[in-house]
Amino acid sequence: MEPIVDFSILPARLRSAERVVTVAVACPADSHTEEVIERSIAEQFARFTLVANTAKADIARRLAADYPDKVTLIVADDDDDAARHAVKEVREGRADVLMKGSLNTDNLLRAVLNKEEGILIKGSVLTHIAVADVPSLNHLLFFSDAAVIPYPTTEQYDAITRYITDTYRSITGGDRPRVALIHCTEKVSEKFPLTLSYEELKANAAAGAYGDVEIGGPMDVKTACDAESGAIKGITSPVVGNANCLIFPDIEAGNTFYKTITLFGGATVAGMLVGTTAPVVVTSRADTADSKFYSLATACLKAINKQ
């Protein structure tokens with residue numbers, strides 16, 4: 001099967017899996033979530049358990065009435081109750097993916113991270129993986145962390161590297177991720193402790209910690225994604241100009257990159273939280289309906305390939 005190189009292939013690939021994914025949605029009360037649910041049903045890869053706040057349940061009730069064989073409705077007392085019930089659907093194995101609707105992210109994360117009733121894997125790191133379909137690239141571009149970890153420690157960088165390489169394989173079907181460790185300079189220096197962490201990641205990769213992978217850095221984004229830039233700088237690495245996974249030094253760099261490629265580069269970006277027992281789709285309020293749809297589609301493909 002050919003690797004997935006852009007988002008347009010995702011729905012057909014999901015249908016070819018011949019497995020309908022069950023998605024638990026907390027507070028589906030906005031038009032974008034409504035559109036994503038109906039589009040996913042039309043594309044025949046998902047069914048839904050909608051956990052609605054009783055005070056704003058009109059959309060959920062309408063969807064349950066229109067798609068009785070594809071939508072199950074649970075009515076909750078408020079947003080926090082809806083988050084708890086949606087997480088419970090995942091924790092107890094009735095749903096494969098968790099998705100945020102119109103509630104605040106904090107409400108959902110409280111339920112996700114609850115030590116007794118949440119879905120964070122014990123001892124794991126919660127992080128965010130983004131997947132970008134960039135018009136100027138002939139492959140999908142994965143990057144982290146743009147949303148969760150402010151300033152990763154070496155241990156967190158290690159977890160991010162494991163997650164991003166696993167996610168790359170499960171989404172694209174590719175077998176050898178090329179990971180660039182992003183920084184403003186190619187030099188390793190104690191002035192930038194994160195570059196010392198990068199050296200540990202490269203040692204881990206050499207020891208086989210991340211499977212079959214190419215990893216290089218520190219390097220800037222242009223060097224990672226543009227072979228000519230690397231050649232001019234005299235940097236030789238299989239990653240230079242060919243990176244399909246970018247690990248950013250901190251949330252500020254990752255988030256700025258996220259917003260910049262969507263606004264100025266015409267990219268569509270999908271994203272999910274990992275480190276949990278199931279993928280969690282938590283999109284930005286400013287994300288387009290396309291972005292939210294492909295966030296769900298990538299999470300569903302990850303859930304299928306986890307089985």
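Because the structure is predicted, anything quoted here is derived from the model rather than measured.
With a 4.5 Å cut-off on side-chain heavy atoms, D226 and V221 do not count as touching. Side chains of I164 and P177 form no contact here, defined as non-hydrogen atoms less than 4.5 Å apart. The shortest distance between side-chain heavy atoms of D175 and R169 does not fall below 4.5 Å. Proximity of I4 to L10: side-chain heavy atoms (C-beta onward) are separated by under 4.5 Å at one or more points. Using a 4.5 Å heavy-atom threshold, the side chains of P249 and Y198 count as touching. Proximity of T22 to T49: side-chain heavy atoms (C-beta onward) are separated by under 4.5 Å at one or more points. A heavy-atom distance below 4.5 Å is found between the side chains of L108 and V280. Between E186 and D220 the shortest side-chain heavy-atom distance falls below 4.5 Å.
By the 6.0 Å contact criterion, NZ on K233 is enclosed, its count of non-hydrogen atoms from other residues, nucleotides or ligands being greater than 12. No more than 12 heavy atoms of other residues, nucleotides or ligands lie within 6.0 Å of CD in E18, so this atom counts as exposed by the packing criterion. For E228, the CD atom sits in a loose shell: 12 or fewer heavy atoms of surrounding residues, nucleotides or ligands are nearer than 6.0 Å. Surrounding CG of D58 are at most 12 heavy atoms belonging to other residues, nucleotides or ligands under 6.0 Å away.
A salt bridge links E34 with R62: the closest approach of a Lys/Arg side-chain nitrogen to an acidic carboxylate oxygen falls below 4.0 angstrom. Salt-bridge check for E117 with R91: failed, with every basic side-chain N at 4.0 Å or more from each acidic carboxylate O. Ion pairing of R94 with E89 is present here, as a side-chain N (NZ or NE/NH1/NH2) and a carboxylate O approach within less than 4.0 Å. Between R19 and D96 there is a salt bridge, since at least one side-chain N of the basic residue sits less than 4.0 Å from a carboxylate O of the acidic one. Checked for salt-bridge contact, R84 and D81 meet the test: a charged N lies under 4.0 Å from a carboxylate O.
Judged by distance alone, the side chains of D158 and T161 never bring a donor and an acceptor atom under 3.5 Å apart. No side-chain N or O of Q156 forms a donor-acceptor pair with one of Y151 less than 3.5 Å apart. A donor-acceptor contact closer than 3.5 angstrom links the side chains of S8 and D6. For E200 and Y157, the side-chain atoms include no donor-acceptor pair closer than 3.5 Å. For the 3.5 Å distance criterion, the side chains of S170 and K306 fail to qualify, holding no donor opposite an acceptor. Residues D80 and N107 bring a donor and an acceptor atom of their side chains to less than 3.5 Å of each other. At a cut-off of 3.5 Å, with distance as the only test, no side-chain donor of R47 or S40 sits close to an acceptor on the other residue.
The two residues A299 and V281 have their closest heavy-atom pair at CB-CG2, 3.5 Å. When all heavy atoms of S31 and I59 are compared, the pair lying nearest together is N-CD1, 4.4 Å. Here the closest heavy-atom approach between residue A111 and residue V87 is recorded as CB-CG2, 3.7 Å. Considering all non-hydrogen atoms of both residues, L246 and A224 come closest at CD2-CB, 4.0 Å. Closest of all the heavy-atom pairs between G101 and T33 is CA-OG1, 3.8 Å.
Proximity of a side-chain donor or acceptor of N242 to a complementary backbone N or O of V240 within less than 3.5 Å is detected. At least one donor-acceptor pair closer than 3.5 Å links the side chain of S144 to the backbone N or O of H128. In this structure a side-chain-to-backbone donor-acceptor pair under 3.5 Å is present from T195 to S189. A distance-only check finds no donor-acceptor pair linking the side chain of D66 to the backbone of L63 [under 3.5 Å]. Panel note: side chain D145, backbone I251; no donor-acceptor pair is recorded below 3.5 Å.
Using cut-offs of 30° and 60° on the angle between ring planes, the pair Y294 and F7 is parallel. Relative orientation of the F257 and F248 rings is tilted, given thresholds of 30° and 60° on the angle between their planes.
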Please tabulate, for side-chain N and O atoms in residues 260-275, each donor-acceptor pair with protein atoms closer than 3.5 Å (sequence neighbours left out).
{"unit_1": "T260", "atom_1": "OG1", "unit_2": "T256", "atom_2": "O", "d": "2.6"}
{"unit_1": "T262", "atom_1": "OG1", "unit_2": "Y258", "atom_2": "O", "d": "3.3"}
{"unit_1": "T262", "atom_1": "OG1", "unit_2": "K259", "atom_2": "O", "d": "2.9"}

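Y210 and L141 sit in two unconnected hydrophobic clusters of ILVMFWY residues. Membership requires side-chain heavy atoms under 4.5 Å apart, directly or through other members. Using a 4.5 Å cut-off between side-chain heavy atoms of Ile, Leu, Val, Met, Phe, Trp and Tyr, with links allowed through other members, V213 and M219 fall into different hydrophobic clusters. Both V282 and V148 belong to a single network of hydrophobic side chains, linked directly or stepwise wherever heavy atoms of I, L, V, M, F, W or Y lie under 4.5 Å apart. Cluster annotation: L98 is not connected to V51 through the hydrophobic network of ILVMFWY side chains, with a link wherever side-chain heavy atoms come within less than 4.5 Å. The cluster map of Ile, Leu, Val, Met, Phe, Trp and Tyr, joined by side-chain heavy atoms under 4.5 Å apart, puts F143 and L201 in different clusters.
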Practice task
Would you please test D212 and R176 for salt bridge (Lys or Arg N to Asp or Glu O under 4.0 Å) and show each step?
Solution key: CA-CA 6 Å; D212 188 11; R176 196 175 207 194; 2.8 Å; yes

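Taking the centre and axis of the six-membered ring of F293, the NZ or CZ atom of R39 falls inside the cone set by 45° and 6.0 Å.
Applying the salt bridge (charged side-chain N to carboxylate O under 4.0 Å, His left out) test between D79 and each of K100, K56, R110 identifies K56 as the sole match.
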